There are 2 protein chains.
Amino acid sequence: MLPYNISESTKGRMKTTSCPHKKNSHTSQHDHNICIEKALSKAEAVCRQRGARLTPQRRRVLELVWQTHEPVGAYDILAELQKEMRAAPPTVYRALDFLQQQGLIHRLASLNAYVGCATPDRADKVAYLICRCCKETSPLAPQNLSSEIAAQAERKGFQIENQIVEVLGLCPTCQQEGVVDE
Amino acid sequence: MLPYNISESTKGRMKTTSCPHKKNSHTSQHDHNICIEKALSKAEAVCRQRGARLTPQRRRVLELVWQTHEPVGAYDILAELQKEMRAAPPTVYRALDFLQQQGLIHRLASLNAYVGCATPDRADKVAYLICRCCKETSPLAPQNLSSEIAAQAERKGFQIENQIVEVLGLCPTCQQEGVVDE
DNA sequence: CTCAGAAATGTTATAAGGTAACATCGTGCG
DNA sequence: CGCACGATGTTACCTTATAACATTTCTGAG
Ligand SMILES: [Zn+2]
Ligand SMILES: [Zn+2]
Ligand SMILES: [Zn+2]
Ligand SMILES: [Zn+2]
């Protein structure tokens with residue numbers, strides 16, 4: 001058996017959640033292949049323009065992140081990669097680091113997971129709503145947040161490099177379904 | 001040797017950072033014992049008022065979190081506790097969970113670490129500036145941020161339960177000292 | 001072309017953070 | 001007393017991430 005094999009609990013967890021009403025999820029309401037294609041071609045364009053090397057592996061990892069609109073864990077990606085090749089954690093983390101640097105994905109610190117970014121060309125600071133039940137994410141318009149943060153930081157002489165805004169709660173669907181208790 | 005023993009790299013890391021100019025840190029510019037005393041007495045008061053039980057262990061963990069204004073890792077606290085008693089990770093995490101529920105500490109998701117909260121009586125959502133070099137944290141005024149977030153969330157029918165705002169960068173001191181490269 | 005340096009990837013091992021599950025203890029109340 | 005409940009103890013394990021070093025692949029200068 002390979003080293004770094006994936007535990008049963010992790011195995012096959014890709015795309016599944018504890019959410020009882022995944023049927024209504026964003027992902028199932030549209031042709032997601034289009035999302036993936038768009039993301040990949042945009043990534044190619046952005047990297048070409050910047051002289052960044054979107055190697056086949058990095059591209060593949062990006063594709064795997066984009067398999068769903070839910071945040072995906074690094075080891076979920078590793079498990080998928082291992083179906084195709086021999087792979088160890090550093091392979092995945094390096095690719096994720098690269099993709100993050102290029103703004104092609106974002107890491108959600110509250111979930112230790114990654115989501116694809118649909119607008120890697122915009123240097124926008126990012127903010128997300130995250131449903132604690134179905135894990136769906138929804139980007140917030142960052143302008144006002146960022147400017148307020150920037151103003152306060154400037155007042156203190158603090159030089160911003162990165163900002164994390166993650167709002168946890170219940171999405172409309174999960175509220176309707178009566179999901180309760182924190 | 002005890003189980004859950006602390007690695008050499010972690011051992012004694014409490015209160016140390018990679019920051020070359022810790023001398024200027026907030027912590028060294030004031031009588032920190034006052035901070036600790038204030039925090040503990042406030043905690044007692046808050047818990048008494050709420051009927052929450054600030055047991056000796058929980059109190060001790062809170063005290064350890066307050067040893068510094070820097071964020072402290074759970075295993076750093078464990079290491080300190082183990083100098084006094086036999087202790088395992090759940091002991092620390094349970095105490096941290098309790099303290100967090102009471103708003104006595106906050107977890108910084110971007111650092112996997114915890115800081116004491118000086119205003120546990122206020123139900124304010126919290127936001128922090130975090131220096132990537134010296135790790136000092138500085139709370140942001142959350143009102144405008146929270147109201148902007150609330151407005152956007154409401155527009156989407158999203159029910160907020162918790163929010164994380166962590167701004168990473170360089171504090172004034174570290175900028176002066178010429179810390180560079182991201 | 002070629003070869004040296006840089007960038008990317010492979011490989012092994014381990015660190016660091018966190019939780020499940022079940023046993024035990026202590027205290028207050030019927 | 002005896003039981004219910006919250007807190008703590010204990011063992012074992014899981015998940016996430018990185019260090020360190022070897023090897024391969026790419027790229028550009030000469
Ligand atoms: Zn889609
Ligand atoms: Zn939901
Ligand atoms: Zn202080
Ligand atoms: Zn600093």
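Here the structure is a predicted model, which is why all the values come from computation and not from measurement. Chain identifiers are assigned alphabetically (A, B, ...) following the order of the sequence lines, protein sequences preceding nucleic acid strands; residue numbering begins at 1 within each chain.
Not one side-chain nitrogen or oxygen of B/T91 sits closer than 4.0 Å to the OP1 or OP2 atom of D/dT8. For the pair B/R58 and D/dA7, the criterion of a side-chain N or O lying under 4.0 Å from OP1 or OP2 is met.
Following rounding to the nearest Å, B/L54 (CG) and D/dA7 (P) show an atom-to-atom distance of 11 Å. Rounded to whole Å, the distance from CE on B/M85 to C1' on D/dA7 is 12 Å. Whole-Å rounding puts the B/L96 CG to C/dG17 P distance at 12 Å. Nucleotide D/dT24 holds its C1' atom 12 Å from the CD atom of A/Q57, rounded to whole Å. What separates CZ of B/R60 from P of D/dG9 is a distance of 14 Å, to the nearest Å. For the pair B/L111 CG and C/dG17 P, the computed distance is 10 Å after rounding to whole Å. The interatomic distance linking A/D76 (CG) with D/dT15 (P) rounds to 10 Å, in whole Å.
Across all strands shown, B/R94 has heavy atoms under 4.0 Å from base atoms, whether or not it also approaches the sugar-phosphate. Counting non-hydrogen atoms under 4.0 angstrom, B/Y114 reaches the backbone sugars and phosphates but no base.
Remark: ring of B/Y93 not stacked against base of C/dT19; the cut-offs of centroid gap under 5.5 Å and plane tilt under 30° are not jointly satisfied.
The nucleotide whose nearest atom lies closest to any side-chain atom of A/T55 is, among D/dG9, C/dT9, D/dA19, C/dT9. Minimum atom distance to the side chain of A/P90 is reached by C/dT11, of the listed C/dT11, D/dG9, D/dT11.
When each of B/N112 and B/R53 is assigned the nucleotide of DNA chain D with its nearest heavy atom, B/R53 is the one assigned upstream, toward the 5' end. DNA chain D is contacted by both B/F98 and A/R107; B/F98 maps to the nucleotide lying nearer its 5′ end (nearest heavy atom per residue).
For B/Q163 and B/S146, the side-chain atoms include at least one donor-acceptor pair closer than 3.5 Å. For B/E148 and B/Q152, the side-chain atoms include at least one donor-acceptor pair closer than 3.5 Å.
More than 12 heavy atoms of other shown residues, nucleotides or ligands fall within 6.0 angstrom of atom CD in B/E84.
Counting atom types as modelled, B/Y75 pairs no side-chain N or O with a base atom of C/dA15 as donor and acceptor under 3.5 Å.
A/H69 and A/H32 have perpendicular rings, their planes meeting at more than 60° on a 0 to 90° scale where under 30° would count as parallel.
Put simply, the side chain of A/V126 does not reach to within 4.5 Å of the side chain of A/V165, judged on heavy atoms.
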